[in-house]
Amino acid sequence: MVEGEVWKHVVQKGDTVIDATCGNGFDTLALLNLVADDDSHNGYVYALDIQKDALDKTSLLLEESLNSNESELYLNKLRSFRLIAFNLGYLPGGDKEIITRSETTLLALEAAKRILIPGGLIGIVVYIGHPGGREELEAVETFSAKLSVENWICCKLQMLNRPCAPIPIFLFRR
Ligand SMILES: C[S@@+](CC[C@H](N)C(=O)[O-])C[C@H]1O[C@@H](n2cnc3c(N)ncnc32)[C@H](O)[C@@H]1O
């Protein structure tokens with residue numbers, strides 16, 4: 001996944017990051033592998049989701065994939081965040097009616113903007129294949145376009161030969 005390649009250039013061992021839509025837990029696991037620092041025992045991932053089913057799936061994936069020390073890493077105190085990841089849309093294999101919505105996505109992006117540290121990244125993957133997806137893309141693009149040039153570098157990756165592919169959007173805080 002292309003966003004994971006970008007994360008690697010931003011996230012450091014010992015960082016605290018947020019997976020704002022953890023779903024099946026694949027992004028949480030990828031992030032935990034980036035932040036976990038075996039020497040200092042630092043590195044935290046806050047994994048959030050609106051569905052209990054998603055939180056259970058993420059917990060299970062972490063339990064299966066990590067040793068117990070590592071899985072404790074993602075519960076800890078509040079601090080500043082270098083990466084906040086949003087993977088929008090519905091839970092793959094779950095209820096397709098439970099999707100992220102433009103209005104609450106925008107609220108979450110506003111909050112993310114306030115807690116991200118300089119040098120950090122808000123990464124958003126937007127899906128356009130389901131009802132409401134294109135509107136959500138438009139909302140995210142409008143939000144991104146309004147961020148100040150002095151403080152933010154905002155870009156999106158569009159697959160020109162896959163018109164319906166998910167669209168990664170990157171908001172780098174200078
Ligand atoms: C595309 S999936 C995420 C996939 C996940 N990152 C992974 O690696 O498996 C989108 C997730 O967003 C969640 N979601 C929908 N609305 C939400 C909201 N308002 N707040 C947090 N999560 C939400 C869904 O429950 C779903 O699990």
Side-chain angles (χ1 to χ4, degrees), residues 1-11 15-36 43-66 70-71 73-76 78 81-116 120-144 156-159 162-172:
M1 65 180 179
V2 87
E3 61 276 12
E5 291 305 310
V6 175
W7 296 348
K8 282 184 200 164
H9 294 278
V10 174
V11 176
D15 273 351
T16 304
V17 301
I18 298 177
D19 182 352
T21 53
C22 65
N24 289 317
F26 299 117
D27 291 336
T28 305
L29 181 59
L31 288 167
L32 203 42
N33 283 326
L34 289 179
V35 300
Y44 307 104
V45 181
Y46 289 78
L48 319 174
D49 203 285
I50 203 170
Q51 297 186 69
K52 183 175 181 309
D53 193 26
L55 296 173
D56 291 344
K57 284 180 170 160
T58 296
S59 298
L60 188 64
L61 181 69
L62 296 185
E63 273 167 34
E64 285 170 356
S65 313
L66 304 170
E70 284 171 320
S71 54
L73 288 174
Y74 81 113
L75 289 175
N76 218 289
L78 198 61
F81 301 94
R82 201 188 303 276
L83 175 86
I84 303 171
F86 292 84
N87 196 321
L88 304 178
Y90 57 83
L91 178 65
D95 183 346
K96 291 188 178 172
E97 298 291 313
I98 305 176
I99 53 171
T100 52
R101 315 242 167 217
S102 303
E103 199 183 310
T104 43
T105 297
L106 288 176
L107 289 174
L109 287 173
E110 278 294 344
K113 198 176 95 176
R114 288 196 296 274
I115 58 177
L116 193 77
L121 168 69
I122 299 174
I124 311 145
V125 178
V126 192
Y127 297 81
I128 52 175
H130 62 277
R134 283 189 191 275
E135 290 74 15
E136 195 171 30
L137 173 66
E138 207 175 300
V140 172
E141 286 185 354
T142 304
F143 170 89
S144 309
K156 76 170 175 180
L157 265 182
Q158 194 165 1
M159 303 291 168
R162 286 181 58 209
C164 290
I167 300 178
I169 292 181
F170 301 105
L171 312 179
F172 295 96

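First listed ligand is number 1; within each ligand, the first listed atom is number 1. Remember, predicted model here, so these are calculated numbers, not experimental data.
- Under a 4.0 Å criterion applied to the non-hydrogen atoms of F26, ligand 1 contributes the atoms 7 (C), 8 (O), 9 (O).
- V11 and R82 get closest at one heavy-atom pair: CA-CD, 4.2 Å.
- Put simply, the side chain of D19 never gets that close to the backbone of V45: no donor and acceptor are under 3.5 Å apart.
- Near A20, the atoms of ligand 1 lying under 4.0 angstrom from a non-hydrogen atom of the residue are 21 (C), 22 (N).
- No N or O atom of T104 sits closer than 3.5 Å to an N or O atom of ligand 1.
- Contact annotation for C22 and ligand 1: only backbone heavy atoms (N, CA, C, O) come within less than 4.0 Å of the ligand.
- Atom 15 (C) of ligand 1 has as its closest protein heavy atom T100 CG2, 3.4 Å.
- For the pair D15 and V35, the tightest heavy-atom approach, listed with the atom from each and the gap, is O-CB, 3.5 Å.
- Polar contact with ligand 1: present for D49 (N/O pair, distance under 3.5 Å).
- Interface atoms of ligand 1 facing L88, defined by a heavy-atom separation under 4.0 Å, are 1 (C), 10 (C).
- When non-hydrogen atoms are compared, ligand 1 lies under 4.0 Å from neither the backbone nor the side chain of V125.
- Between V125 and M1 the shortest side-chain heavy-atom distance does not fall below 4.5 Å.
- Atoms of ligand 1 lying under 4.0 Å from any heavy atom of G25, numbered from 1 in the order shown and given with element: 7 (C), 9 (O).
- The protein heavy atom nearest to atom 10 (C) of ligand 1 is N87 O, 3.2 Å.
- At under 3.5 Å, a nitrogen or oxygen of I50, whether backbone or side chain, sits near a nitrogen or oxygen of ligand 1.
- Y90 O, 3.3 Å is the protein heavy atom nearest to atom 2 (S) of ligand 1.
- Heavy-atom distances between T28 and ligand 1 stay at or above 4.0 Å for every pair.
- Atoms of ligand 1 found under 4.0 Å from any heavy atom of L91, numbered from 1 in the order shown, are 26 (C), 27 (O).
- Counting heavy atoms only, D27 comes closest to atom 6 (N) of ligand 1 of the residues D27, N24, L48.
- Taking distance alone, with nitrogen or oxygen atoms compared against 3.5 Å, P92 stays at or beyond that limit from ligand 1.
- The distance from ligand 1 to the heavy atoms of Q51 drops below 4.0 Å at these ligand atoms: 24 (C), 25 (O).
- If you check which protein heavy atom lies closest to atom 3 (C) of ligand 1, you get T21 O, 3.3 Å.
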